[in-house]
Amino acid sequence: MTERIEVLLTEEDVDKRIREIGEQISRDYADKQIHLVCVLKGGSFFMCELAKRITVPVSLDFMSVSSYGGDTKSSGVVKIVKDLDESIENKNVLVIEDIVDSGRTLSYLLEMLKSRGPADVKLCTLLDKPERRVVDVKVDYTGFQIPDEFVVGYGLDYDQKYRNLPYIGVVKFD
């Protein structure tokens, strides 16, 4: 079986939307500093582009979490693979994610971060699949709502391939 990629969102569409989100975040956090927490690996592409478009002071940190193990379905058990390097106490935290689908992992992650004493915690995602949601997760900033398709590009992968595509594509199998 071979796969092919069909463009869902062009590089220009993605770039324009990230610019708009950066402007909105800059307005919402005027006169404040934000601490961006990137959920690895997929969120790194989005966070780097977004951070360049935010005009208020920004600091960065990274987390890696897993609820899949070696399977393609979430086990429901969240494992912290890489924790934050610094405290988020009293900081305005903005979690940066590539995609929100079931909400299981993010719900756990957001509650865990809130327990660490930040000033606030909000969520920003490039892509949102609300029809896949099984746990209610409030997304504060959304790039695009997309249909329930398997997507790659801009950090999202299929078997570690296609992360470097400058657009969002749908994987189709022939």
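Just so we're clear, the structure is a prediction, and the values are computed from it rather than from any experiment. Numbers here simply count residues along the sequence, with the first being 1.
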Hey, does the side chain of [X] reach the backbone of [Y] with a donor-acceptor pair shorter than 3.5 angstrom?
| X | Y | result |
| --- | --- | --- |
| S115 | M112 | yes |
| K82 | F62 | yes |
| N90 | A119 | no |

Validation row: [X], [Y] side chains within 4.5 angstrom (heavy atoms):
| X | Y | value |
| --- | --- | --- |
| V152 | D157 | no |
| V93 | D120 | no |
| V65 | K79 | no |
| C124 | L50 | yes |
| L165 | Y162 | yes |
| L123 | K138 | no |
| L113 | L84 | yes |
| I25 | I34 | yes |

Practice prompt. Please test Y167 against D13 for side chain to side chain donor-acceptor pair (under 3.5 Å), starting from the C-alpha separation and ending with a verdict.
Written response: CA-CA 8 Å; Y167 58 87; D13 291 339; over 6 Å; no

Discussion item. Against R133, only a single residue in D148, D128, D101 fulfils salt bridge (charged side-chain N to carboxylate O under 4.0 Å, His left out); can you say which?
Written reply: D128

[X] and [Y] ion-paired at < 4.0 Å:
| X | Y | result |
| --- | --- | --- |
| K172 | E149 | yes |
| R163 | D98 | no |
| E20 | K16 | yes |

Take atom [atom1] in [X]; do more than 12 heavy atoms of anything else shown fall under 6.0 Å from it?
| X | atom1 | value |
| --- | --- | --- |
| K161 | NZ | yes |
| K129 | NZ | yes |
| D174 | CG | yes |

Practice prompt. Locate the shortest heavy-atom distance separating N92 from Y29; write the atom from each residue and the value.
Written response: CB-CE2, 3.7 Å

Practice prompt. Write down the atom of R17, the atom of T142, and the distance for their closest heavy-atom approach.
Written response: NH2-O, 2.8 Å

So how far is it from [X] [atom1] to [Y] [atom2], rounded to the nearest 0.5 Å?
| X | Y | atom1 | atom2 | answer |
| --- | --- | --- | --- | --- |
| E97 | L106 | CD | CG | 4.5 Å |
| S44 | I96 | OG | CD1 | 11.5 Å |
| K41 | L156 | NZ | CG | 13.0 Å |
| R19 | I21 | CZ | CD1 | 11.5 Å |
| L40 | C38 | CG | SG | 5.0 Å |

Report all side-chain donor-acceptor pairs from residues 51-59 shorter than 3.5 Å, counting only partners two or more places apart or in another chain.
| from | atom 1 | to | atom 2 | distance (Å) |
| --- | --- | --- | --- | --- |
| K52 | NZ | E49 | OE1 | 3.4 |
| K52 | NZ | E49 | OE2 | 3.1 |
| R53 | NH1 | E49 | O | 2.7 |
| R53 | NH1 | E49 | OE1 | 2.9 |
| R53 | NH2 | D15 | OD1 | 2.4 |
| T55 | OG1 | S26 | OG | 3.2 |
| S59 | OG | H35 | ND1 | 2.5 |

So if you build clusters from Ile, Leu, Val, Met, Phe, Trp, Tyr with side-chain heavy-atom gaps below 4.5 Å, do [X] and [Y] land together?
| X | Y | value |
| --- | --- | --- |
| L126 | L60 | yes |
| M47 | V121 | no |
| M63 | V100 | yes |
| V39 | V137 | yes |
| V151 | F45 | yes |

Discussion item. Before we go on, tell me: are the rings of Y158 and F173 under 6.0 Å apart, centre to centre?
Written reply: yes

Worksheet item: Between Y141 and D28, is any side-chain donor less than 3.5 angstrom from a side-chain acceptor?
Response: yes

Practice prompt. Given side-chain contact (heavy atoms from CB on, under 4.5 Å), test D61 with L36 step by step and report yes or no.
Written response: CA-CA 6 Å; D61 208 340; L36 303 181; over 6 Å; no

Item to complete: Apply salt bridge (charged side-chain N to carboxylate O under 4.0 Å, His left out) to E131 and list each qualifying residue two or more places apart in sequence or on a separate chain.
Response: none

Item to complete: Determine, stepwise, if the pair V170 / F150 fulfils side-chain contact (heavy atoms from CB on, under 4.5 Å).
Response: CA-CA 6 Å; V170 176; F150 193 88; 5.9 Å; no

Worksheet item: Run the side-chain contact (heavy atoms from CB on, under 4.5 Å) check on L127 and I168 step by step: do they pass?
Response: CA-CA 9 Å; L127 304 174; I168 304 297; 4.0 Å; yes

Practice prompt. Please step through side-chain contact (heavy atoms from CB on, under 4.5 Å) for the pair F144 and I99, ending with a clear verdict.
Written response: CA-CA 9 Å; F144 301 91; I99 190 165; over 6 Å; no

